[in-house]
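All heavy atoms count here, side chains included; hydrogens, waters and symmetry mates do not. In what follows, chains are A, B, ... by sequence order, proteins preceding strands, each numbered from 1. Being a predicted model, the structure only gives us computed values, none of them experimental.
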Amino acid sequence: MAGIRSLRDAVADLIHDGDTVAMEGFTHLIPFAAAHEVIRQGITDLTLARMTPDIIYDQLIGAGLVAKLVFSWGGNPGVGSLHRFRDAVENGWPRPLALDEHSHAGMANRYVAGASGLPFAVLRGYRGSDLPDRTDTVATVVCPFTGEELAAVAALTPDVTVIHAQRADRRGTVQMWGLTGVQKEAALAAGRVLVTVEEVVEELTPRPGAVVLPSWAVDAVAVVPGGAHPSYAAGYSVRDNDSYRAWDAVARDRATFTAWLNALVGGREGR
Amino acid sequence: MAGIRSLRDAVADLIHDGDTVAMEGFTHLIPFAAAHEVIRQGITDLTLARMTPDIIYDQLIGAGLVAKLVFSWGGNPGVGSLHRFRDAVENGWPRPLALDEHSHAGMANRYVAGASGLPFAVLRGYRGSDLPDRTDTVATVVCPFTGEELAAVAALTPDVTVIHAQRADRRGTVQMWGLTGVQKEAALAAGRVLVTVEEVVEELTPRPGAVVLPSWAVDAVAVVPGGAHPSYAAGYSVRDNDSYRAWDAVARDRATFTAWLNALVGGREGR
Amino acid sequence: MSVPSAGQADRSPVTPDELMEVNAARALAGARTCFVGIGLPSTAANLARRTVNPDLVLIYESGALGAKPTRLPLSIGDGELADTADAVVSVPEIFNYWLQGGRVDVGFLGAAQVDRFANINTTEVDNGPGRPRGRLPGAGGAPEIAANCGRVLVVLRHSPRNLVRRLDFVTTLGHGGGPADRARLGMRGRGPVAVITDLGVLRPDPETAELVLTALHPGVTADRVRAATGWRLRAAPTVSVTAPPTDGELARLRALKAAGRDGPGDDAGPGGPRGT
Amino acid sequence: MSVPSAGQADRSPVTPDELMEVNAARALAGARTCFVGIGLPSTAANLARRTVNPDLVLIYESGALGAKPTRLPLSIGDGELADTADAVVSVPEIFNYWLQGGRVDVGFLGAAQVDRFANINTTEVDNGPGRPRGRLPGAGGAPEIAANCGRVLVVLRHSPRNLVRRLDFVTTLGHGGGPADRARLGMRGRGPVAVITDLGVLRPDPETAELVLTALHPGVTADRVRAATGWRLRAAPTVSVTAPPTDGELARLRALKAAGRDGPGDDAGPGGPRGT
C-alpha cells in the first residue's frame, strides 16, 4: 500500500547502492526530480534501465553513480548526443559504463515479461542485427507448433521503478494520461515502485486515456509539482525544449557539467 | 478502411461457410445481432472461437452451423448449463461438435499471439491439468535464459472476428468502453473484422476507459442499436438477466429450441 | 470483534449455505487482494468486504480491479463491476500482469468435483457405463488462479458426488498426488489451503497434503461429514467448531443476497460449481 | 496533380535538403500507414499529409496511432501527438500489436550509416586506430521497423561517410548481403525499397539487392553522387531526374519547418541520423 512520503525519505528508503533502477517515461512524464534526489543522496553503483536514457540518465552517468546502462536509444531527443553518456562509453569518464543494449521492441518486451511474471518474452526482432552478439539477454526460441525460430529477450525486473504521474489520491492510487509509454509494465516488473505526482486529489475522476496503478501496486508516492521538468506532464506543463537544448552546452564539457552537478548537490532546493 | 454497411451485406461479404469465426465480448458487448444474421443466412461448418460461448454460441450450435468450438468456459452465466452445447457434446445433436478446450489465460494469450503476429504465446499455465492431453494447441517451451519449462499456446487467428461496440464515426473508427475484455486482441488477430455499433456519431469524443479501433483496422461497421441484447452496451443498455434465465427453458428441450430457431429464421426482423 | 450467538436479531434459522458463506468470508480476513469467481466465491468475497475485511481488493477476470459492487453481481461481467472499479483493464492484462504477475493473495474458486488432494474438476463427469460423460462448463480461469495466487480457497456443497476419491478429469491442479507435486511443477503459490463446505472445513494435512477435517459447523457431526465425503476422510488432531454467524454477518449476508435476487448467481459462472 | 517548375512563388532557391524532403514525402503516395521516426522521416511524413497523401496514418513509437500534428513534433513524445491521435496506446502495444502485427505499410527511417545493401548502422562508428569508437544513439525502433513494415524508406544526407561499403556495426538489417537474406531470416516485409538523399534516390537492384542510382535531383550529376558514395555506385539502366518541388510542396514544407523552428528536430530522435 502506497504511503504519501517526502521525496527525500522515499528515495532513501526505496533506492539503495547497487540497485537496478528503471526511471521510465517516454519523453513525457520523466521523473527528473527523483533522479536529482538520487544524485543529492549519492546513491551509487547503479544499474540503470530505460528505453531512452534522455538527459535524466546523462546527469546520473555524469555524476558517476552508474555502473551499467540497459537501454535502446541514447540521444538528447530533438537536440543531438548525450555527451556524458558518450564520454563514459568512449573514455570511461568519470567511470567505465557497461552497456546492455537492445532495440525498443526488445526493451518493451523485457518489461512485459517482468510485469507478467515470466522469465522471457518472444518477438520478431533482432534478426540480422549485430546487437545479440553483445548481450546475454537476447537468445532464440523455436515455436513448438511451427518450428519457426524467434527472438527471446530476458525479463527485466528492476529492484526499483520510478515514474512520474499527474496525480494520486490520498490512499496512493496513481493516475496518469497522455503518452504513458511503458510505465505500467516497468512499474509492475519492479520489486519496489516510487511515483512522484503533480498533485494529490480527493477523488480520481476518470479521465480519457488514463492508466491507473492501484495503491497496493505502489510502494510510495511523493508529491513533486513540476517533478518531470524539463520533460512535461500533460495537463500541467509543456516540454521545456529550451532546457533540452541548453543541456547540450552544459553536458558537452566536463567542467561545465561539474559546475552544474555541484550546484545541484549544493542546493537541496537546487532543481 | 471500414465501410458502414448493412448487417446483412456485411455478414454475407465477410463470413463464409467453413470459416473460423470469433464473436467476442466478455458478458458485455456480445454481438448477438450478428450471430442471428449468420443463423438467418445459414452460414455453416463454422469453427467458432470464444472464451465464454454464452448463449450466443448455444444458439449457433443448436442451429447446426458449428463443426468445432474453441473455448474456455461454456455456461449460461448466472443461470446454469448451455443445453444446446451439452446436447451437441454429449449426444451429437444436431451434429457432432469437436472441441478445442483451454483455460481463460490460455485463450486470452492465444489471441494476444495472433494480434502480435507471433505463432505462439508463453504463460504459466496448464500445469498438472489434463487439458493439454486433449488439444494440439498447448505445448511447452523452455526458457533459454533460466531453463524453466513453461506452457506455450498456439496463436489463434480467426478468419473473421465480430464484436459489438458503443459507437463509430462515419469513417468507421470504432470506440467501446466499460469491460472491453479481449475484443481488441480478437479483432487484431483476425483476417477480417466486423463491428456492430449502437450508433454512428459525427465525432468520437474521448471517453474514460475507451478502446479505439482505427477504421483502417476494421473491415465493416454495421449500425445495429441493441445489437448486443440480451447482453448489454454500457451507457446504452443493461444486461437483460430475464432473457438469460428464459433461455434456459428454451434451450433445455430440442422442440422448444427448434421453435425458437424457426421463429428467428422465419422473420427477418425476428430479433 | 465480538462473536455473539447467531440468530438473535434475525428470526429465520441459519442455513447450511449461510454457514458455508460466512465461513468462506471469514477466511478472507487479512488478505489484501482476492481473485473472485462468480457464484459462491463472489458472495463470500463481497460479504468479507462488509465484515472482516472492508479493504479487500476484489479482482474479477472480466478486467475489474478493485471492484466495489453494491450488490452481488450476477455475472462476471456486470456493468457495476466496471463502474465501481479502481481500474478496468483488458482480459489478457488481468491474467498476465495481475494474476500471473503474482499480485493476488487469494484465489477463490468454486468447483464441481474436488478430490482428496484438492484437485478440481469443472470439465466433465463420468455418468457410468453406456452413458455419455456429463459435460461441465470447463476450466475458465481456475487452472491459472490455482497456480498463481498466493493461496487458494475452495468453496462447494458437501456430497459424495462433489468430494470424490478420484476426479473424472483434472481441470485444475490442487496438490496433485502429494505435498511435493506443486513444487515439482514449479507452481508459485501454496495452492488450496482450505475447502469450505456447508458442513465444515477441510484443510490439507501438512505432511501428506491430503484434505482432512479441521472444523465442523455448529451442530454438524464428524460422522455426517464422513458420510458426505467420497473418500475415507480423516480428521485433524484437533477438530474445532466454527463460531456461529454473528448477527452482523447474517444480516449483511441476507441483505446482499436479497439485493441480488434479480437472478441466481450462486451456481454458475466461471469458477462456479457445475452449471446444471 | 500538375507539376509546375519550382521556385515560381517562393523567392529563395530550393535547397538540397528540401529536395530530399519533398522526394521523401512523395514516396509516401499511396501508403495507408507509416511508422515515423523523428527528424527527417517525420518532416517527410508530415509533408506527405499536406501534399500527396492527406489520409496517411502516422504512427509514432511513443504510442500515438493516427497522429495529426499541426506542426513538426520536436520529439517522439510531443504532447500534440497524443492530443491529435485517433488512439494512444502503450509502447509495448505499438510494437507488438501494430508494428509486429503487420499493420504498417511503410517504415520511414533515418540513419547514420547505410551500406550498399541498405543495412543500417546507428550504434557506433570506427574512428580509426588508436581512437575510441564513436558512440551513436543506438537501435531505437529501427530493427523491428525494418523487419515488420511492408516496406522501408531510408532518408539521409549523401556523403562517403554516411553511405559506406561496409558498416562498422549492423544495427538494422536491410538486405543483408544479397537478395535472399531477408527470406532466409524469415523477415516479413520487403525491406528497404529506396534510400532518398539530398542528391538523388538509390534503390536495390532487383537481381542483387545492391543499391543502385535510380534518380537524380535536378542539377545533380551521376558523377557527383558517385563521389559522395563510399562504394563503387552503379546506375540503374534508366536514371530519371526527380520532378522539381512544386510551389505547393515547397510552400507547405517551408511553413511546416518554420512552425517547427522552436527546436531542431532534423537530426536527432529514434531512427534519426547520428546524434552529434
- Honestly, the part of B/Glu101 sitting under 4.5 Å from a heavy atom of chain C is side chain

- Item | Sequence-distant partners of C/Asp198, salt bridge (Lys or Arg N to Asp or Glu O under 4.0 Å), two or more places apart | none

- How far apart are the closest heavy atoms of C/Val91 and B/Phe26, and which atoms are they? CG2-CD1, 3.9 Å

- Task: Could you look at B/Leu150 and say if it's the side chain, the backbone, both or neither that has a heavy atom under 4.5 Å from chain C?
- Result: neither

- Message: Let's test your reading of the structure: which of C/Leu185, C/Asn121, C/Asp181 forms the most heavy-atom pairs below 4.5 Å with chain B?
- Response: C/Leu185

- Item | Structural part of B/Arg134 lying under 4.5 Å from a heavy atom of chain C | side chain

- Message: Among B/Gly181, B/Pro208, B/Ala108, which residue has the highest count of heavy-atom pairs closer than 4.5 Å to chain C?
- Response: B/Gly181

- Task: Could you have a look at B/His28, B/Arg127, B/Glu90, B/Arg124 and say which one has the most heavy-atom pairs with chain C under 4.5 angstrom?
- Result: B/Arg124

- Query: So which part of B/Met51 gets closer than 4.5 Å to some heavy atom of chain C, the side chain, the backbone, both or neither?
  - Reply: side chain

- Message: Please report the interatomic distance CD(C/Glu124) to CG(B/Leu99), rounded to the nearest 0.5 Å.
- Response: 9.0 Å

- Message: To the closest 0.5 Å, what do you measure between CD1 (C/Ile94) and CG (B/Leu179)?
- Response: 9.5 Å

- Message: Given heavy-atom pairs under 4.5 angstrom as the criterion, report whether the side chain, backbone, both or neither of B/Phe85 touches chain C.
- Response: side chain

- Task: Please flag which part of C/Arg188 lies under 4.5 Å from any non-hydrogen atom of chain B: side chain, backbone, both or neither.
- Result: side chain

- Heavy atoms from other residues, nucleotides or ligands near CZ of B/Arg95 exceed 12 (cutoff 6.0 Å): yes

- With chain C, which of B/Ser103, B/Gly209, B/Ala151 has the greatest number of heavy-atom pairs at distances under 4.5 Å? B/Ser103

- Item | Euclidean distance, C/Glu80 CD relative to B/Arg239 CZ, rounded to 0.5 Å | 14.0 Å

- Could you check if a side-chain atom of C/Glu61 sits within less than 4.5 angstrom of a side-chain atom of B/Trp73, using non-hydrogen atoms only? no

- Quick one: of B/Pro53, B/Ser72, B/Gly75, B/Gly25, who has the most non-hydrogen atom pairs under 4.5 Å with chain C? B/Ser72

- Query: What part of B/Tyr232 lies closer than 4.5 angstrom to a heavy atom of chain C: side chain, backbone, both or neither?
  - Reply: side chain

- Message: With chain B as the partner, which of C/Ala64, C/Gly134, C/Gly176 has the greatest number of non-hydrogen pairs under 4.5 Å?
- Response: C/Gly134

- So, the part of B/Val182 with a heavy atom under 4.5 Å from chain C: the answer is both

- Item | Per-residue contact mode, C/Asn96 against chain B (heavy atom under 4.5 angstrom) | side chain

- Selection from B/Gly178, B/Ser129, B/Ala234 maximising heavy-atom pairs under 4.5 Å formed with chain C: B/Ser129

- Item | Where C/Thr171 and B/Leu131 come nearest, the two heavy atoms and their spacing | O-CD1, 4.5 Å

- Task: Could you have a look at C/Gly63, C/Gly174, C/Gly79 and say which one has the most heavy-atom pairs with chain B under 4.5 angstrom?
- Result: C/Gly79

- Are B/Lys184 and C/Ser90 side-chain neighbours, meaning at least one heavy-atom pair lies under 4.5 Å? no

- How close do B/Phe71 and C/Arg135 get, heavy atom to heavy atom, and via which atoms? CZ-NH2, 3.5 Å

- Message: I need the minimum non-hydrogen distance between C/Pro132 and B/Asn91, along with the two atoms involved.
- Response: CG-OD1, 3.8 Å

- With chain B, which of C/Ala82, C/Pro143, C/Pro92 has the greatest number of heavy-atom pairs at distances under 4.5 Å? C/Pro92

